[in-house]
Structures are given as C-alpha cells and as structure tokens.
Amino acid sequence: MVELRGAETLYQMVYDDLERKIDTGEIRYLDRLPSLPDLCVMYGVSSATVRRALADLQRKGLIIKRRGRGQGTFAIKRLATMSVRVLFIGGADLQKTPIEWYHETYDILAGITVAATEAGCNVEKVSTNGFDNLPPPPPNTGYLIVGLNPMDYEMGVRYAQQHHAPFVLVNSPAPGHPCVRVDMEQGGFLAANYLAQMGHTRIAYVGPTTSAWFEPRMLGYRRGLAQNRLPIDPVLIRETDPVDAAEHARAMDALMSLASRPTAIVCSSDYLAMHLLTHCKRTGVAVPHDLSICGYDDIGEAASIEPALTTVRHPRREQGQYAIEALQSLLDGGVPDVIDHVLEPTLIVRASCGIPPR
C-alpha cells in the first residue's frame with residue numbers, strides 16, 4: 001500500500017479518530033474493535049500505522065488486547081463513577097488468609113480488581129457481618145454476589161434488590177439472574193478421567209462434598225469413574241474440612257489402611273493436595289510411585305512443590321473479569337451477552353500422577 005501523506009499524519013489521523021469514537025461512546029465500553037486488516041481498509045493505511053495507533057491507545061488505557069478464547073481488541077470506557085460492591089455471604093471473614101479460607105475467592109477477587117481498574121471503577125469488599133454498617137450505595141453501583149450455598153445467594157440477591165441495584169452472581173446460577181461461573185463438575189471429571197485413563201481403578205476423593213463450591217467437583221469425580229466403568233465405592237469418598245491438615249492426614253491414613261487401598265486420590269483443592277503430599281513424605285509413601293495425587297485450582301505453589309502437582313486449573317481471574325463486564329452491561333442499561341456465562345477448567349499435568357503401582 002502506498003501512503004500519499006506522511007506517516008506521522010496518517011498515524012495521527014487513525015489515533016485521533018479511534019480516540020474520539022471511544023471518548024464519545026461511539027465505540028462503547030468493551031466493544032470489539034474491527035480487525036487489523038479491516039482497520040487498514042477503513043483508514044486506507046498500512047498495518048504498521050494501525051499497529052502504532054493501537055499500541056498508543058493501549059498505553060493510554062483506552063483499549064485492551066486479549067488472547068485465547070474471546071480474543072480481540074476491546075475498548076475500555078473509563079467510568080470513574082462506577083462502583084462495585086462484592087458481597088461475600090455465609091460467614092466469610094475477609095481478614096483470613098487464603099490458606100485459612102477458600103483460595104478460589106481470593107483469586108476471583110483479584111480478577112474483579114483487575115477488571116475494575118481497567119474499567120476505571122472502585123471495588124468495595126463486604127462480608128455478611130459488615131452489612132449493618134454499610135451505607136446506602138451511591139448512584140451507578142452494582143453488586144457481585146459470592147456465596148457458598150443457595151441460601152447465601154438468596155440473601156445477597158435480597159440485599160441488592162432492597163437497594164434497587166443491579167447484581168451478578170458468581171458461581172451459582174439462578175433462573176433469570178446473570179451469573180458467571182466455572183464448570184466445576186467438568187473439573188472433577190477431568191481429574192478422575194485422567195487417572196482412570198492412566199490405568200488406576202481404585203481412585204479416592206478427599207475433601208468437602210457439599211456447598212456450591214465443592215459438590216460439583218465431587219459429582220464430576222463420580223462421573224469420571226462412571227464413564228470409565230469403574231465402581232463408585234463409598235469407602236473411597238472421604239468428607240473432610242476444606243483446610244484442616246490434621247483431618248486430611250487422618251483421611252489419607254484411613255484410605256491407606258484399607259485392604260484394597262486406592263492408588264490415586266482426587267483432592268477438592270490444591271491446599272488439601274499439598275497437605276497430603278506433606279503427609280506422604282512423613283509416612284514414607286512415594287508420590288507418584290506408590291500413590292498419585294491430583295489437586296484442583298492450580299494455585300501458584302502447585303508448580304513449585306516437589307513433586308510438582310498435577311491439578312485442574314480453575315480460571316478464577318478470568319471469571320472475575322467477566323463478572324465485571326456483565327455488571328457494567330447492566331449499569332449501562334443493557335443486558336450481558338450471556339446470562340449464564342460458563343468458563344471451562346483445564347487439566348494441568350505435572351509430576352504427582354503416574355501409572356498405578358503393580
């Protein structure tokens with residue numbers, strides 16, 4: 001392509017026009033920009049000129065580029081007046097550490113915070129015990145509701161509706177209400193199916209088996225066994241507290257004392273799996289030679305422990321970002337593109353799983 005005007009003039013033309021469209025709302029918040037070839041045709045310039053303009057718009061914080069699923073270049077309309085209140089229902093104590101509480105919620109909150117920063121809005125985190133002292137929401141405020149069971153979500157919905165504020169549920173779909181969630185049943189299935197495909201026939205499950213966070217994982221584990229025509233033995237399913245290391249050790253001891261002991265364990269979380277790995281070292285159980293262990297979450301420590309933990313990646317940060325986007329659509333007077341937005345987990349294979357011992 002031959003550019004008749006100077007490169008600087010052409011670059012400025014593209015940059016100024018895109019900036020104007022974003023600032024005036026002609027290109028709205030989270031609208032996908034045309035592709036690079038389409039922009040070249042639209043402005044009659046080279047790809048290098050368009051790339052330069054897009055790079056400067058990104059540096060200014062007006063656009064964001066995403067890769068992978070849902071990839072593209074999206075406009076970011078900065079709305080300093082937008083506020084997000086994240087309601088943690090069900091006795092959540094925000095002063096606890098991730099180890100003391102469910103790690104998933106902290107990474108979801110990280111995703112929410114990143115997306116809120118990109119959108120130019122503020123995030124306020126409130127647990128149930130802080131509701132009484134919470135002032136009325138300012139204009140243009142929405143709620144993201146995070147709970148552990150259906151009653152928690154019902155409480156959060158009532159609270160948001162009392163204040164006539166839009167809301168999005170995180171992890172618990174309800175008819176007619178927008179929700180962003182991860183298919184945790186598929187995550188449990190991926191773990192159990194992987195172990196079964198490696199040849200394990202005695203696969204245990206350790207962890208909580210109820211609540212909106214953990215019951216789907218256990219159900220996915222059961223589906224993975226059933227699909228591989230393995231019996232579901234109740235003695236191999238050990239209900240435990242989510243964070244109590246001593247209770248996790250007792251559950252593993254009980255499993256390893258069985259006459260027909262398991263050769264693999266699906267854990268409800270990575271922290272639980274790490275507790276079992278520590279207990280294996282204390283008791284002389286070699287992982288994965290004697291016992292394969294699979295976690296769930298893919299927290300940062302999972303790749304650095306010894307042996308590195310095979311796990312299911314739960315896309316919590318992406319979940320937080322999609323939740324912010326859905327809430328922004330509601331605050332703008334529209335509706336989210338998808339009422340029930342489901343993200344898929346992925347299996348991360350590392351060193352803690354192997355073929356079953358002879």
Side-chain angles (χ1 to χ4, degrees), residues 28-32 66 68-72 74 82 84-90 92 102 104-105 107-116 118-119 121 123 141-161 164-190 210-224 268 296-297 312-347:
R28 298 177 303 171
Y29 174 75
L30 292 180
D31 277 354
R32 189 195 302 265
R66 290 183 178 153
R69 187 176 179 182
Q71 66 180 356
F74 298 83
M82 175 182 167
V84 177
R85 282 182 169 175
V86 186
L87 303 183
F88 286 92
I89 318 292
Y102 304 122
E104 294 89 339
T105 58
D107 277 357
I108 289 173
L109 183 57
I112 290 170
T113 303
V114 168
E118 292 173 352
C121 60
V123 174
T141 296
Y143 289 82
L144 298 180
I145 301 171
V146 184
L148 297 177
N149 58 60
M151 292 181 62
D152 293 344
Y153 286 97
E154 290 172 8
M155 178 181 178
V157 169
R158 286 197 304 270
Y159 187 88
Q161 289 176 334
H164 308 287
F167 59 89
V168 174
L169 306 178
V170 178
N171 266 0
S172 182
H177 297 316
C179 175
V180 179
R181 60 189 175 96
V182 175
D183 189 348
M184 289 184 281
E185 181 178 337
Q186 178 65 11
F189 168 81
L190 290 174
T210 59
S211 87
W213 293 89
F214 295 111
E215 184 177 12
R217 306 177 194 195
M218 189 271 292
L219 294 176
Y221 153 83
R222 294 170 66 95
R223 179 162 64 89
S268 65
Y296 189 107
D297 286 329
V312 175
R313 180 177 179 271
H314 185 102
R316 299 173 297 279
R317 292 178 183 271
E318 295 91 331
Q319 184 179 10
Q321 291 167 352
Y322 278 115
I324 282 285
E325 293 171 10
L327 191 57
Q328 179 69 71
S329 296
L330 294 172
L331 287 167
D332 284 345
V335 295
D337 293 338
V338 180
I339 291 294
D340 184 15
H341 193 122
V342 183
L343 287 80
E344 293 295 326
T346 52
L347 181 72

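Heads up: numbering here begins at 1 and tracks the sequence. Computed from a predicted structure; not experimentally measured.
- Partners of Y143 under the side chain to side chain donor-acceptor pair (under 3.5 Å) rule, at least two apart in sequence or in another chain, are R85.
- By the salt bridge (Lys or Arg N to Asp or Glu O under 4.0 Å) test, R222 is found to be paired with no residue, residues two or more places apart in sequence or in another chain being considered.
- Partner of V180 under the side chain to side chain contact (heavy atoms under 4.5 Å, CB included) criterion, chosen from L144, L343, I324: L343.
- Contacts of S172 classified as side chain to side chain contact (heavy atoms under 4.5 Å, CB included), with partners at least two apart in sequence or in another chain: Y153.
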(request) Verify side chain to side chain contact (heavy atoms under 4.5 Å, CB included) between V146 and N171, making sure each step is shown before the conclusion. (result) CA-CA 7 Å; V146 184; N171 266 0; over 6 Å; no
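- Once rounded to the nearest 0.5 Å, the distance linking NE2 of H177 with CG of D340 reads 12.5 Å.
- Residues Y296 and G188 share a closest heavy-atom pair of CE1-N, 4.0 Å.
- E215 is linked by a salt bridge (Lys or Arg N to Asp or Glu O under 4.0 Å) to nothing, counting only residues two or more places apart in sequence or in another chain.
- The side chain to side chain donor-acceptor pair (under 3.5 Å) search around D183 returns none, not counting sequence neighbours.
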(request) Go through the steps for V157 and F167 under the test side chain to side chain contact (heavy atoms under 4.5 Å, CB included), then give the verdict. (result) CA-CA 8 Å; V157 169; F167 59 89; 3.7 Å; yes
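- Here the straight-line distance linking atom NE2 of H341 with atom CG of L169 works out to 14.5 Å at 0.5 Å rounding.
- Taking the ring axis of F189 as reference, the NZ or CZ atom of R223 stays within 45° of it and closer than 6.0 Å to the ring centre.
- In this structure E154 satisfies the side chain to side chain contact (heavy atoms under 4.5 Å, CB included) test together with R158, sequence neighbours excluded.
- When all heavy atoms of P345 and P315 are compared, the closest pair comes out as CA-CD, 4.1 Å.
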(message) Apply side chain to side chain contact (heavy atoms under 4.5 Å, CB included) to residues V86 and V123 and explain how you reach the verdict.
(response) CA-CA 7 Å; V86 186; V123 174; 3.9 Å; yes
(request) Show your reasoning for whether side chain to side chain contact (heavy atoms under 4.5 Å, CB included) applies to V342 and V182. (result) CA-CA 5 Å; V342 183; V182 175; over 6 Å; no
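- The pair D297-R316 counts as a salt bridge, with a side-chain nitrogen and a carboxylate oxygen less than 4.0 angstrom apart.
- The closest donor-acceptor contact from the side chain of R32 to the backbone of Q71 lies under 3.5 Å.
- With salt bridges taken as basic N to acidic carboxylate O contacts below 4.0 Å, none links R313 and E344.
- A donor-acceptor contact shorter than 3.5 Å links the side chain of R217 to the backbone of S268.
- A heavy-atom distance below 4.5 Å is found between the side chains of H314 and Q319.
- Residues P178 and L330 come closest through the heavy atom pair CG-CD1, 3.8 Å.
- Across L87 and G156, no two heavy atoms sit closer than the pair CD1-O, 4.3 Å.
- For the pair I89 and D152, the tightest heavy-atom approach, listed with the atom from each and the gap, is CG2-O, 3.3 Å.
- Taking all atoms of both residues into account, the shortest heavy-atom contact from A323 to V170 is CB-CG2, 4.4 Å.
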